[in-house]
*Asks:* 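This is the structure I want to talk about, given as structure tokens.
Proteins come first, then strands; the chains are lettered A, B, ... in the order of their sequence lines, and each starts at number 1.
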Amino acid sequence: MSEQQPHLYLVDGSSYIFRAYHRLPPLTNRHGQPAGAVYGYTTMLWKLADSLNKGDGPTHMAVILDASESTFRNELYDQYKAHRPPPPEDLVPQFPLIRVATRAFSIPCIEEAGLEADDIIACYVTAAKAAGWKVTIVSSDKDLMQLIEDGRVDMLDTMNDRRITEATVQEKFGVGPELVGDVLALMGDSVDNVPGVPGIGPKTATQLIQQFGNLEKVLASTDQISKPKLKQNLIDHADDARLSRELVRLVCDSKLPEPLEDLALKGIPKEPLAAFLEDQGFKTLLARLNGTGATGRSSSGGGINDVMAATAPTPPSEPEVIAVDRSAYETVTDEGALDRWIAEATTQGYVALDTETDCIDCIIAKLVGVSLALGPNKACYIPVGHSGGDLLSEAPSQLPAQLVLDKLRPLLENEAVLKIGHNLKYDWVMFDKVGICVAPFDDTMLMSFDLDAGRSLAGHGLDELAKQHFDHECLAFKTICGTGAKQITFDKVPLDKATEYAAEDADITLRLWKRLKPRIAAEAASTVYERVDRPLVPVIGRMERRGVKVDRDYLAQLSRDFATEIASLEERVYEAACGPFTIGSPQQLGQVLYERLGLKGGRKGKSGAYSTDVNELERLAGEGVDCARLVLDWRQLTKLKTTYTDALQAQINPETGRVHTSFSLSGAQTGRLSSNDPNLQNIPIRTELGRKIRDAFVAEPGYQLLSADYSQIELRLAAHMADVPQLKEAFREGADIHNRTAEELFGSTDRDSRNKAKTVNFAILYGISSWGLAGRLGVPKDEGQAIISRYFERFPGIRNYMDETLAFVRANGFTRTLFGRKTHFTNIRSPNPSIRGGAERAAINAPIQGTSADLIKRAMARMDRALVDAGLEGVRMLLQVHDELVFEVPDGREEEAAAVIKRVMSDAAEPALKLDVPLDVEVGWGAHWGAAH
DNA sequence: TAGCTCACG
DNA sequence: GACGTACGTGAGCTAC
């Protein structure tokens with residue numbers, strides 16, 4: 001042979017990573033993400049690719065992956081792989097990295113919808129054999145053993161460097177590769193849920209096939225089987241065995257996704273591999289690539305140690321409790337001490353930090369000091385912006401701010417040092433303002449939120465967590481800075497007091513991290529923490545810094561208009577009420593309506609006061625009570641004026657001319673963001689008058705405001721999660737969902753039916769009750785009950801979803817979203833039916849609302865990269881309103897931006913999840929927010 | 001500071 | 001049989 005025979009290596013990527021995961025320690029990469037399996041995979045791939053043309057090494061190579069959950073096998077048997085447990089939480093984020101790693105080696109990564117990796121491998125084996133090539137399948141999957149053929153096809157188990165040949169198959173199954181499928185069909189497979197025949201395991205299966213020759217002969221020879229139980233099982237489950245035979249049969253005649261020739265291996269090009277290794281922090285491998293590291297076979301062991309050293313070590317699971325000793329903290333005021341702390345932090349590989357400023361609003365705050373912590377009671381405070389306590393005293397001696405920042409920068413940006421903060425978004429913005437990008441980082445507030453959302457009634461503030469986890473009372477800000485009119489800013493605090501306060505925060509943060517970090521993986525919170533919430537910190541930080549432009553003059557004019565109208569309404573209210581009173585006082589209003597005017601039907605709340613909410617006033621107005629109608633109008637206008645047109649003007653930052661809200665990542669139990677100072681998530685839209693306020697939110701000259709919102713996202717998720725075929729179909733067809741519900745419920749889609757159906761649909765999302773629904777629909781409660789019964793009858797999936805969700809939360813105390821986010825419900829077993837009922841309704845809603853929140857967060861985390869990749873770096877994400885994202889887009893780039901934004905939002909579930917419903921996104925733009933809808 | 005009311009999804 | 005609530009937020013106002 002003048003030319004070498006081609007030798008194709010087919011790597012079964014999916015199966016490899018599972019095994020690597022279980023056999024390697026739980027390493028983390030430079031970003032603090034789990035990466036043990038990726039590391040194992042990388043070294044394996046390297047070793048294979050490196051043996052190009054050596055001995056029995058590859059000339060061609062491809063990695064084969066599973067593309068989709070569902071294949072033709074599910075058509076054949078709907079229970080196929082139905083009971084497979086979800087992969088471990090800290091493995092999930094490693095799946096996408098497999099593709100990245102493979103691409104880094106410039107090796108094709110092949111996957112095909114509807115086919116499992118095993119089938120694609122079988123197709124390539126068939127084609128390669130036909131071309132006269134040799135094939136090695138890199139896997140140890142028993143199903144693939146059917147393909148082995150000595151001299152042409154073998155398998156390689158890289159975990160123990162073992163070649164699998166016909167002899168190995170004979171040893172394992174007692175039959176040749178061509179009969180492996182028959183043996184598998186009899187024994188079944190509990191992992192893939194292939195039924196097989198009950199009572200038959202590997203031993204019996206082999207023995208039967210050996211005795212009778214093949215599966216069909218076994219099934220035809222039951223009369224010769226003496227054991228009565230076995231005989232009966234074979235007769236009863238003959239069809240299961242035949243079904244199983246089809247399930248384990250590999251497809252080998254499908255079209256190749258990539259032609260054989262394209263799989264030629266060309267050695268290992270240095271790029272992009274170097275970039276990948278660098279990114280992951282696989283330093284030994286990187287050194288090896290650069291020809292400076294350990295050679296050859298020692299790389300595996302050395303590499304693992306190296307990964308450990310390059311990243312923060314996993315903290316001990318039971319951190320020792322050491323009493324907080326504030327006198328141990330150090331005030332750093334000279335360069336030598338600062339250098340010492342930075343050097344030690346760099347060596348240690350992790351450091352907790354906290355910034356002190358003169359203002360709670362990080363957008364306008366000035367840096368006053370930075371604290372660092374390296375261990376319990378081992379913490380320091382570096383003042384940089386303290387002034388004297390009053391006009392007469394001088395500023396204390398401290399290092400210049402610029403010097404400290406210059407020295408801190410290498411540490412804060414060092415990819416090998418993990419920065420740990422509590423509510424790190426604040427610190428991230430503070431450093432971003434001076435051009436320092438803090439990374440990598442952990443945020444103990446987010447960790448606490450992702451572990452314990454709903455567990456404690458209050459939030460996830462540091463002081464509170466210190467009390468909860470360490471029974472420690474932090475020095476309160478109040479005792480340092482005072483309160484009310486006498487409150488001073490932190491820069492006025494004497495250094496000794498400031499050190500105690502600031503260093504304690506860093507100290508507690510580090511202690512908290514040591515306690516929470518091990519729980520993240522152990523309690524299956526790593527996917528949400530690492531893939532959803534943590535990546536959002538810089539994304540939100542940038543949005544807050546950008547702010548949104550608000551037209552002050554326009555708002556001022558609106559305020560004046562409203563004021564005139566309010567004054568006129570006031571007069572008319574007094575007239576109708578036979579005398580002046582404080583309209584804004586519900587108490588006085590109640591007395592006026594039900595006592596002075598003697599109106600009937602006053603409903604009293606639990607405090608004994610008359611209810612004067614919008615429902616009551618609407619009712620009275622409907623009965624022709626002018627006063628009620630006037631008060632309603634008055635309320636709407638005063639609300640708009642005080643909460644929006646007046647307050648918003650005061651919120652405009654004089655330097656930027658824009659309004660900078662603060663988004664809270666841990667504010668809402670369900671995983672939603674919340675917005676405050678000011679809240680930009682409740683700007684009016686529902687009434688025409690209110691909508692005018694939206695017009696005050698404008699784009700910078702040369703830009704347009706673009707709004708993209710998910711259409712009916714919660715109902716879509718409910719249709720998917722509760723598996724309601726009619727609703728899923730309606731969404732796939734783009735039909736009007738409320739009409740479709742109306743048809744099912746009332747057999748008609750007239751206006752009234754549609755409105756009722758809409759109310760019912762929302763009632764479902766919020767945890768339905770017949771009383772609540774009846775009240776809201778304004779029908780007798782037995783009719784409400786009838787509608788609900790009808791709903792459950794037409795959509796049985798809904799009832800199952802509710803039953804299952806409630807059973808789960810009662811058993812576990814928490815619910816989970818599709819992405820695994822937990823929300824705890826401490827009241828779910830309350831003996832008080834009202835409290836318990838509330839918890840139940842919230843628990844039914846949480847997975848839906850929470851999954852929607854996860855989805856838009858995933859889209860946000862990917863958005864900037866997608867825009868940059870599309871050459872749209874001028875597009876800026878400004879606001880999030882639960883199912884809507886608002887952007888500022890350069891004039892003329894609207895269409896392009898809309899396409900990218902739409903795609904990122906619609907695909908937000910993938911690749912982690914395949915939804916049964918499309919996620920439609922509606923996009924609009926204009927000079928102001930009001931015109932973008 | 002609590003409770004009411006109301007703006008949003 | 002009685003519940004008298006739709007789920008999740010934040011903010012401004014009045015009255016205590």
Side-chain angles (χ1 to χ4, degrees), chain A residues 453-454 459 581-590 603-617 631-632 634-648 650-651 661-664 666-687 689-691 693-694 709-715 718 759-777 781 784 788 815 823 825 832-850 852-853 856 879-885:
Chain A
F581 66 101
T582 309
I583 308 174
S585 163
Q587 194 191 43
Q588 291 190 33
L589 177 63
R603 186 165 57 82
K604 288 196 178 180
K606 52 176 169 250
S607 57
Y610 293 107
S611 168
T612 65
D613 67 14
V614 69
N615 294 319
E616 287 301 302
L617 295 187
V631 169
L632 280 170
W634 181 90
R635 275 196 183 157
Q636 188 192 7
L637 279 164
T638 50
K639 174 81 176 179
L640 293 178
K641 180 169 184 295
T642 56
T643 309
Y644 299 105
T645 57
D646 291 351
L648 225 38
Q651 290 279 358
T661 184
S662 171
F663 288 102
S664 167
S666 58
Q669 315 263 321
T670 52
R672 273 190 177 181
L673 300 183
S674 70
S675 156
N676 56 44
D677 296 311
N679 183 355
L680 295 186
Q681 291 182 321
N682 71 346
I683 301 302
I685 192 170
R686 293 177 186 170
T687 66
L689 205 56
R691 281 178 97 102
I693 290 162
R694 293 223 160 198
D709 68 288
Y710 283 113
S711 151
Q712 305 279 17
I713 187 163
E714 292 195 2
L715 272 177
T759 301
V760 179
N761 276 332
F762 281 105
I764 295 299
L765 298 180
Y766 298 148
I768 198 166
S769 86
S770 51
W771 269 269
L773 180 66
R776 199 146 276 244
L777 285 176
K781 60 184 176 219
I788 291 170
T815 60
T823 304
F825 294 89
N832 179 330
S834 175
I835 291 175
R836 191 175 62 242
E840 287 173 352
R841 291 191 300 275
I844 285 168
N845 177 253
I848 299 168
Q849 187 181 119
S852 159
I856 196 164
L879 298 175
Q880 188 251 42
V881 194
H882 309 310
D883 63 359
E884 174 189 11
L885 293 175

*Asks:* Kindly say whether A/Leu680 contributes a backbone atom to a donor-acceptor pair with the side chain of A/Ser675 at under 3.5 angstrom?
*Replies:* yes
*Asks:* Atom CG of A/Asp677 and atom C1' of C/dA11: how far apart are they, to the nearest Å?
*Replies:*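 After rounding, the gap between these two atoms is 10 Å.
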*Asks:* Please report the closest heavy-atom contact between A/Gln669 and A/Thr823, naming both atoms and the distance.
*Replies:*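 For A/Gln669 and A/Thr823, the tightest heavy-atom pair comes out as O-OG1, 3.1 Å.
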*Asks:* Is the shortest side-chain N/O distance from A/Arg635 to OP1 or OP2 of B/dC6 below 4.0 Å?
*Replies:* yes
*Asks:* Closest approach to the side chain of A/Gln587, judged atom by atom: which nucleotide of C/dC16, B/dG9, C/dC13 is it?
*Replies:* C/dC16
*Asks:* Who does C/dC3 pair with, Watson-Crick or G-U, both distances under 3.5 Å?
*Replies:* none
*Asks:* Any idea which heavy atoms bring A/His882 and A/Ser852 closest together, and the distance?
*Replies:*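 That would be O-OG, 4.4 Å.
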*Asks:* Show the nearest heavy-atom pair for residues A/Thr815 and A/Ala843, with the distance to one decimal.
*Replies:*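 What the structure gives for the nearest pair is CG2-O, 3.6 Å.
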*Asks:* Kindly point out which of B/dC6, C/dT5, C/dC13 is positioned nearest to the side chain of A/Lys639?
*Replies:* B/dC6
*Asks:* Is the phosphate of C/dC7, meaning OP1 or OP2, less than 4.0 Å from a side-chain N or O of A/Arg841?
*Replies:*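 Indeed, a polar side-chain atom of A/Arg841 lies that close.
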*Asks:* Name the nucleic acid region contacted by A/Ala853, choosing base, sugar-phosphate or nothing; use a 4.0 angstrom heavy-atom cut-off, strictly under.
*Replies:* nothing
*Asks:* May I ask you to say what A/Glu714 touches in the nucleic acid, namely base, sugar-phosphate or nothing, with a heavy-atom cut-off under 4.0 Å?
*Replies:*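 The answer is nothing, as A/Glu714 stays clear of every strand by at least 4.0 Å.
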*Asks:* Where the side chain of A/Pro586 is defined as all heavy atoms beyond and including C-beta, which of C/dC13, C/dC7, B/dC4 is the nearest nucleotide?
*Replies:*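 Of the options given, the side chain of A/Pro586 lies nearest B/dC4.
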*Asks:* In whole angstrom, give the distance that lies between atom CH2 of A/Trp634 and atom P of C/dT14.
*Replies:* 7 Å
*Asks:* Got a donor-acceptor contact below 3.5 angstrom from the A/Thr661 side chain to the A/Pro678 backbone?
*Replies:* yes
*Asks:* Base, sugar-phosphate or nothing for A/Gly837? Non-hydrogen atoms, less than 4.0 Å.
*Replies:*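 If one applies the 4.0 Å heavy-atom cut-off, A/Gly837 turns out to touch nothing in the nucleic acid.
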*Asks:* Can you confirm whether more than 12 heavy atoms, excluding those of A/Arg691, are under 6.0 Å from its CZ atom?
*Replies:*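 Check fails, neighbour count at 12 or below.
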*Asks:* Considering every strand and a 4.0 Å limit on heavy-atom distances, what is the contact class for A/Ser770: base, sugar-phosphate, or nothing?
*Replies:* nothing
*Asks:* NA contact type, A/Ser852, heavy-atom cut-off 4.0 Å: base, sugar-phosphate, or nothing?
*Replies:*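 If one applies the 4.0 Å heavy-atom cut-off, A/Ser852 turns out to touch nothing in the nucleic acid.
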*Asks:* Using the P atom as the point on both nucleotides, what is the distance between C/dT5 and B/dC6, in whole Å?
*Replies:*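 The answer is 15 Å between these two P atoms.
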*Asks:* Kindly say if A/Ser674 contacts the phosphate of C/dG10, meaning a side-chain N or O under 4.0 Å from OP1 or OP2.
*Replies:* yes
*Asks:* Reckon A/Ala763 touches a base, only the sugar-phosphate, or nothing at all at heavy-atom distances under 4.0 Å?
*Replies:*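 Base contact.
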*Asks:* Less than 4.0 angstrom between a side-chain N/O of A/Gln636 and OP1 or OP2 of B/dA7, yes or no?
*Replies:*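 Indeed not, no polar side-chain atom of A/Gln636 lies that close.
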*Asks:* Could you tell me whether the phosphate oxygens of C/dC7, OP1 or OP2, come under 4.0 Å of any side-chain nitrogen or oxygen in A/Thr670?
*Replies:* no
*Asks:* Return the nearest nucleotide to the side chain of A/Asp613; candidates are C/dG10, B/dC8, B/dC6.
*Replies:*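 Nearest to the side chain of A/Asp613 among the choices is B/dC6.
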*Asks:* Round to the nearest Å and state the distance from A/Asn679 atom CG to C/dG10 atom P.
*Replies:*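 Checked: the CG to P distance equals 7 Å.
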*Asks:* When you get a sec, tell me which of C/dG12, C/dC7, B/dG9 is the closest nucleotide to the side chain of A/Asn845?
*Replies:* C/dC7
*Asks:* For the side chain of A/Arg776 and the base of C/dA6, is some donor closer than 3.5 Å to an acceptor across the two?
*Replies:*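 Check passes, donor-acceptor contact within cut-off.
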*Asks:* Quick one: on DNA chain C, does A/Pro833 or A/Gly838 contact a more 5' nucleotide (nearest heavy atom)?
*Replies:*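 Upstream on the strand: A/Pro833.
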*Asks:* Hey, does the side-chain of A/Arg686 have a donor or acceptor N/O within less than 3.5 Å of a partner on the base of B/dG9?
*Replies:* yes
*Asks:* Quantified in whole Å, what is the C1' atom distance between nucleotide B/dA7 and nucleotide C/dC3?
*Replies:*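 After rounding to an integer number of Å, I get 29 Å for this pair.
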*Asks:* Let me know the distance between CD1 of A/Ile685 and P of B/dC6, rounded to the nearest Å.
*Replies:*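 Rounded to whole Å, this separation is 20 Å.
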*Asks:* Before giving the answer on side chain to side chain contact (heavy atoms under 4.5 Å, CB included), spell out for A/Ile848 and A/Tyr766 the whole-Å C-alpha distance, their side-chain angles and the decisive distance to 0.1 Å.
*Replies:* CA-CA 9 Å; A/Ile848 299 168; A/Tyr766 298 148; over 6 Å; no
*Asks:* For A/Ile683, which contact category applies under a 4.0 Å heavy-atom criterion: base, sugar-phosphate, or nothing?
*Replies:*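 Here A/Ile683 touches the backbone only, sparing every base.
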*Asks:* What is the separation between atom CG on A/Asn682 and atom C1' on B/dT5, rounded to the nearest whole Å?
*Replies:* 13 Å
*Asks:* Under 4.0 Å, heavy atoms only, any strand: does A/Thr612 hit a base, just the sugar-phosphate, or nothing?
*Replies:* sugar-phosphate
*Asks:* Could you tell me how far apart A/Tyr766 (OH) and C/dC7 (C1') are, to the nearest whole angstrom?
*Replies:* 6 Å
*Asks:* Whole angstroms only, please: what is the NZ-C1' distance between A/Lys641 and C/dA11?
*Replies:*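 Result: 16 Å.
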*Asks:* Take the protein atom CG of A/Leu637 and the nucleotide atom P of C/dC13, then report the distance between them rounded to whole Å.
*Replies:*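 The distance from CG of A/Leu637 to P of C/dC13 comes to 15 Å, rounded to the nearest Å.
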